[in-house]
Number of protein chains: 2
Amino acid sequence: MNLKELSALLGLSPTTVSRALNGYPEVNEATRERVLAAARRYNYRPNTRAIRLATGRAMSIGHVIPIASRHEMVNPVFADFIASAGEVYSRLGYDMVLSVVPDEDEAAAYRDLKARGTVDGVILHGPRMNDPRLPLLHEIGLPFVVHGRATGTPVPYSWCDVNNRRAFARATDFLLDLGHTRIGLINGLEFMDFAIRRRAGYLDALAAGGLVADPDLMSSNEMTEGLGHRAARRMLALADRPTAFLVSSMILGLGVRRAIEEAGLRMARDVSVIIHDDELSYLRNGEDVPIYTATRSSVREAGRIAAEMLIDLIAHPESPPRDRLLEAELIIGQSTGPAPRPQTGDRTP
Amino acid sequence: MNLKELSALLGLSPTTVSRALNGYPEVNEATRERVLAAARRYNYRPNTRAIRLATGRAMSIGHVIPIASRHEMVNPVFADFIASAGEVYSRLGYDMVLSVVPDEDEAAAYRDLKARGTVDGVILHGPRMNDPRLPLLHEIGLPFVVHGRATGTPVPYSWCDVNNRRAFARATDFLLDLGHTRIGLINGLEFMDFAIRRRAGYLDALAAGGLVADPDLMSSNEMTEGLGHRAARRMLALADRPTAFLVSSMILGLGVRRAIEEAGLRMARDVSVIIHDDELSYLRNGEDVPIYTATRSSVREAGRIAAEMLIDLIAHPESPPRDRLLEAELIIGQSTGPAPRPQTGDRTP
DNA sequence: TTGGGCGTCCAAAGCGGTTTGGGTTGAGGT
DNA sequence: ACCTCAACCCAAACCGCTTTGGACGCCCAA
């Protein structure tokens, strides 16, 4: 059932039917009712492809997911982010189109999306320091919102980010207040913007507490359970081992906990742990009471905000960039406690 | 730059330019070269929206993600599945469109995708027993491939699944051979098709081993760390507690391990654990050697196969349904060992 | 010499909507 | 009786591509 058929059935012109369905004023209310009833009755839906060509708008938002051919890492926060962004898109009549491309083709993918008119705008994921994608998107004129920020970007842009620096500074303060002085930082990859900011927050707080950072207590890597385990194990094997860990994700935290227990230690009592909790739906930090003390910030909320921001940006192309900084909450869980008394040397090997 | 402009620049008709670019034979090779060179030079890309309207094909594949308003569960295998399916789509010139809709709107979402012509086909995720979505898709005539199977479906359909039944039967056999007789099953939600098949495999093997299943040793729920922990803790508190667990996912397994250690027991030595490992990219079962003994099957491979199957199906609408059953591998890790000697009663409370 | 066939190209008709620029009608004012 | 002006509706152009149905020139066989 298409517009022409429907209008023929109604004895009206396609023009009038289109206007009736789209709420234009120059159509008699009685006629509009008749049209709406017929549309319902014959289950008429305007063809997406025709609307898009006619209006010149794609009515869809792109998300480009680069796949590194080496390890094919898929960011675990990604699923929750797009789920919440997708709800917004659906609600506002947009489609979400995902482009999965090899790492090296990412720039080409953006150019393509723009040149072919496949999307009206994109969300940029996992921004890095001096991220080349931002100037690129700026240059080709594709509206975008960054999930996070990209330190060193020369052009203004729209973003929605968590205050990672303050979150990790507060978490570090909390540990310092508990008497910890040897605090390990198990962070994401060092070129990721969030990781840079979290380290900065950690270093801020250490410095404010009169401590100097120990390079042996800082690690940066992909955020998998295995790598969290490996980093924590290495630090726990140090002669002057940490009594607390600051950990950039829940999944890393699972590995850290494993390392702690393998070393014959108990979380909270022997080694405190604070994680950053993105509130992923399938990896909750405890059902009722939080397991880990955490800097908590909902990635779903960020997805929702970024999506709304982008659609607003598309609707008002001449408006200045928007941004939104979300504060993380410090949630006290069962993974932190006062620093243990000076060690008695009975560490398990 | 559009086709009309480009053809004007070349002094050719749009027809010829279009044919030259699309590899049709009725165009002089020299002309084709000239057209291709100009297209490159002016960075011409045919407008997606126009192609779609003209050809009547959406050149995109839909994935509908229902969001239960209650707990907003996003399936963690989903990210990896769509990442690998997406690679196939990109390669073959298709777009992937994700529709995130409230649970109760799922049927409407499929009808909409079909009626508006937004997609050429869909992948169906998380099939259940007697899943109403399959007859629906069949009825509205939208090509689809199921990731998994749906027991009880009256119509034939295309699918790509893991042999869950055989996998869990083999895993159970393995535990029986190690001398375990009290084996707990920590499974996904009981109406999910994969969970039904896994339980069937487990029950098959128990029966073949002359054992009767104990309802207290079977649990079904969503597959989160917390629920894995809860189920295992409950079973470990039984007077006649299990000496082994069969666990439906890696994430559940993390919770199970936590429960084991909280009970003062050691995995493998006191309690064996076998998980099902979907080889998620951010939750690997060990880097080099597997941590958990596991029934392993790559969800990425399934995504790739399902995507190719669907596109093939779209290209040949009259062909019969296809299917593909993948066998899971039994990987021996460090989480299993011989059943401990009969208990001496020194369990921690 | 003529006609058929081939190679190459083009005009125009579509795809299914939106949108522009009127046309018709009837009520109200003079 | 005539004009004006809403209110309502329509024909046709347009979005940018694909595809159908020739057109034209040239070569070769009859």
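What you are looking at is a predicted structure, and each value in this text was computed from that prediction instead of being measured. Lettering follows sequence order; numbering is per chain, from 1.
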Seminar exercise, completed: Between B:Asn47 and A:Glu29, whichever has its closest DNA chain D nucleotide further toward 5' is A:Glu29
Exercise. Any side-chain heavy-atom pair from B:Ile140 and B:Arg111 closer than 4.5 angstrom?
Worked result: yes
Problem set entry | Candidate nucleotides C:dA11, D:dC9, C:dT19, ranked by approach to the side chain of A:Thr31 - the nearest | D:dC9
Problem set entry | Nucleotide nearest B:Ser18 when distance is taken to its side chain, options C:dT20, D:dT19, C:dC15 | D:dT19
Problem set entry | Nearest-nucleotide pick for B:Leu3, side chain only, options being D:dT19, C:dT18, D:dC17 | D:dC17
Exercise. Closest to the A:Leu12 side chain: D:dT19, C:dT18, D:dC10?
Worked result: D:dC10
Exercise. How long is the line joining OH of B:Tyr42 and C1' of D:dG16, in whole Å?
Worked result: 19 Å
Problem set entry | Gap between atoms OH and P, on A:Tyr24 and D:dA6 respectively (whole Å) | 21 Å
For this session: Grab the CG-P distance between A:Leu10 and D:dC10 for me, whole Å please.
Result: 10 Å
For this session: Quick one: label A:Gly11 by what it contacts on the DNA or RNA (base, sugar-phosphate, nothing), any heavy atom closer than 4.0 Å.
Result: sugar-phosphate
Exercise. Which nucleotide sits closest to the side chain of A:Arg19: D:dC10, C:dG17, D:dC17?
Worked result: D:dC10
Exercise. Looking at A:Thr16, does any N or O in its side chain come under 4.0 Å of the phosphate oxygens OP1/OP2 on D:dC9?
Worked result: no
For this session: Would you kindly give the CG-to-P distance between B:Asn2 and D:dG16, to the nearest whole Å?
Result: 5 Å
Exercise. Any chance the side chains of A:Ser13 and A:Thr16 put a donor and an acceptor closer than 3.5 Å?
Worked result: yes
For this session: Identify which one of A:Thr118, A:Asp120, A:Asp95 satisfies the side chain to side chain donor-acceptor pair (under 3.5 Å) criterion when paired with A:Arg52.
Result: A:Asp95
Exercise. Phosphate oxygens OP1/OP2 of D:dC17: is one of them under 4.0 Å from a side-chain N or O of B:Tyr44?
Worked result: yes
Seminar exercise, completed: DNA chain C nearest-nucleotide lookup for B:Val17 and B:Leu53: closer to the 5′ end is B:Val17
Exercise. Does a salt bridge link B:Glu279 with B:Arg300, judged by any charged N lying under 4.0 Å from a carboxylate O?
Worked result: no
Exercise. Taking for each residue the nucleotide of DNA chain D bearing the nearest heavy atom, is the 5' side occupied by B:Pro46 or by B:Glu26?
Worked result: B:Pro46
For this session: Send over the distance from A:Lys4 NZ to C:dT18 P, rounded to a whole Å.
Result: 15 Å
Exercise. C:dG17 P sits how many Å from A:Met1 CE, rounded?
Worked result: 10 Å
For this session: Go through C:dC9, C:dG16, D:dC9 for me and flag the one nearest to the B:Asn28 side chain.
Result: C:dC9
Exercise. So, B:Ser319 and B:Arg322: side-chain donor and acceptor under 3.5 Å apart, yes or no?
Worked result: yes
Exercise. Is there a donor and acceptor pair closer than 3.5 Å between the side chain of B:Thr15 and the base of D:dT19?
Worked result: yes
Exercise. In whole angstrom, what separates A:Arg49's CZ from C:dC15's P?
Worked result: 12 Å
Problem set entry | Note: A:Glu308-A:Arg324 ion pair, threshold 4.0 Å (strictly below) | no
Problem set entry | Atom-pair distance (CZ on B:Arg45; P on D:dC17), nearest Å | 13 Å
Seminar exercise, completed: Testing C:dG17, D:dG16, C:dC10 for proximity to the side chain of B:Ala50, the answer is D:dG16
